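First up is the structure itself, then whatever we jot down about it.
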Amino acid sequence: MRIEKAVLRHVEMPLKFVFRTSFAETTVKRFLLLELRSGGLSGWGECVAEEGPFYGPESTGTAEHVLAQFLLPLVLRRELEAPEEFARLATKIRGNRMAKATLDTALHDLFAKARGVSLSHTIGGTRASVEVGVSLGLAPTVEATLENVRRHVAQGYRRIKLKIEPGADVDRVSAVRAEFPGIVLTVDANAAYGLADAAHLAKLDAFGLDYMEQPLSHEDLVEHAELARRIETPICLDESIRSAADARAAISLGACRVINVKIGRVGGYGEVLAIQDVARAAGVPLWCGGMLEAGVGRAHNVAVASLPGFTKPGDTSSSSRYFDDDIVAPPLEATGGLMPVPEGPGIGVSIRPDVLSRVTTSQMELAP
Ligand code: OSB
Ligand code: MG
């Protein structure tokens, strides 16, 4: 296959809520959307890099630069036999995984469409629907947290994840657990604590959390392994796992018992599958994380969550929770905490041209 044209758009979509974590506050989702055209088909990839390098080292600006200058040129001037070829060509470019995943996911969508099969099917997905949970941002008070949890439990989500930070942790978790003794509950600190907080974090052991996500620095597996010895709650890593090699290191050190996989953070489908292999061999459950994606990124996440190793509910909640008008149709919606895996070719959802043109703030075209 030859890519005839690549269109890289800057997109801006207001979020229906303010999403606050220990590291940032998001009210408008601004991201890059990549379209690859070939033979009358379009493959789509959504870049999960945020405006600033706070979750990971990339930003929208670095991803645009790396895509336009280094990654897209690798695929624009050659005949590609399979989408996996890109990951091999891109090994000479270090890091920049979110930029790589943008192109990798668009290529996988394009090839799956050309073959007339769903993306879930091409990567080895085995589920017709995936279990989803919800990630709730930091709320100003315990009561506001409870209110938010009530609304989402009522919608049937299969797991509630609370963002925490020092000063907003045990109070929130204990109040939620007291009102909802039976729900699957987790917390995500986005690296807001240090090993000196181990005794404090151990207080969360009393609430039967399914896991505690990324309590410590994204750089430090050894400290996570030490924390794991001091608390009972299983540790799930997010930011720390950028590759299958990271997953292997984290598991063998005892730094985590669960892994949150995000296609963008690990650089594409090949690495997702490699992490699945590592995790299956070690008996470590996976789940698919989220980055407040719009429809394209959400559809790719649903394909990932349909893989056999993804046995815990992910963060891929209903599109309508985030946006009034998503860029894809039909919208990706969960009922009773289950989201159907699209069966159509590729990502299985169509781009809505009217919405896309409304949310696009600028675009760049690259041709061979
Ligand atoms: O840590 O999982 C995270 C969003 C942006 C950056 C990091 C994270 C998140 C979420 C939201 O938790 C998940 C979602 O609803 O898409
Ligand atoms: Mg996280």
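Read the numbers this way: they start at 1 and go in the same order the structure lists the ligands and their atoms. As the structure is a prediction and not an experimental result, all values here were calculated from the model.
- Closest of all the heavy-atom pairs between Glu46 and Gly297 is OE1-N, 2.7 Å.
- Angle OE2(Glu213) to the Mg ion (ligand 2) to OD2(Asp238), rounded to 10°: 90°.
- Here's the thing with Ser135: one of its N/O atoms is less than 3.5 angstrom from an N/O atom of ligand 1.
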Would you check, one step at a time, whether the test ring-ring contact (aromatic ring centres under 6.0 Å, His included) holds for His65 with Phe70? CA-CA 8 Å; His65 168 68; Phe70 299 101; 5.7 Å; yes
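- Note: an N/O pair closer than 3.5 Å links Asp188 and ligand 1 by distance alone.
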The test is side-chain hydrogen bond (donor to acceptor under 3.5 Å, both in side chains); show your working for Ser317 and Tyr322 and say whether it passes. CA-CA 9 Å; Ser317 339; Tyr322 306 82; 3.2 Å; yes
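- Annotation: atom 5 (C) of ligand 1 to nearest protein heavy atom, Glu50 OE2, 3.7 Å.
- The Glu213 neighbourhood of ligand 1 comprises atoms 2 (O), with distances under 4.0 Å to a heavy atom of that residue.
- Here Ile241 contributes atom CD1 and Asn260 contributes atom CG; the two are 9.5 Å apart, rounded to the nearest 0.5 Å.
- A 6.0 Å sphere centred on CD of Glu4 holds more than 12 heavy atoms belonging to other residues, nucleotides or ligands.
- For the atom pair Glu239 CD and Leu216 CG, the distance stands at 11.0 Å (nearest 0.5 Å).
- Between Leu292 and ligand 1, a contact under 3.5 Å exists for at least one N or O pair.
- Not a single N or O atom of Tyr55, backbone or side chain, sits closer than 3.5 Å to an N or O atom of ligand 1.
- Counting heavy atoms closer than 4.0 Å to ligand 1, residue Thr21 contributes nothing at all.
- The Lys262 neighbourhood of ligand 1 comprises atoms 1 (O), 2 (O), 3 (C), 7 (C), 8 (C), with distances under 4.0 Å to a heavy atom of that residue.
- Put simply, the side chain of Asp109 never gets that close to the backbone of Thr105: no donor and acceptor are under 3.5 Å apart.
- In terms of polar-atom proximity, defined here as any N/O pair under 3.5 Å, Lys161 does make such a contact with ligand 1.
- For the salt bridge (Lys or Arg N to Asp or Glu O under 4.0 Å) test with Asp210, the passing option among Lys312, Arg159, Arg158, Arg257 is Lys312; the others fail.
- Each of the atoms 1 (O), 2 (O), 3 (C) of ligand 1 lies under 4.0 Å from some heavy atom of Asp238.
- In the displayed structure, Glu232 atom CD is contacted under 6.0 Å by at most 12 heavy atoms of other residues, nucleotides or ligands.
- Closest to atom 14 (C) of ligand 1 among all protein heavy atoms lies Tyr322 OH, 3.4 Å.
- Scanning the protein for heavy atoms near atom 13 (C) of ligand 1, the closest one is Gly290 O, 3.4 Å.
- Among the backbone and side-chain atoms of Asp188, an N/O/S atom is found under 2.8 Å from the Mg ion (ligand 2).
- Of all protein heavy atoms, the one closest to atom 6 (C) of ligand 1 is Met291 SD, 3.5 Å.
- Between the side chain of Asp220 and the backbone N or O of Glu223, at least one donor-acceptor pair lies under 3.5 Å.
- Listed by atom number, the atoms of ligand 1 under 4.0 Å from Asn190 heavy atoms are 1 (O), 3 (C).
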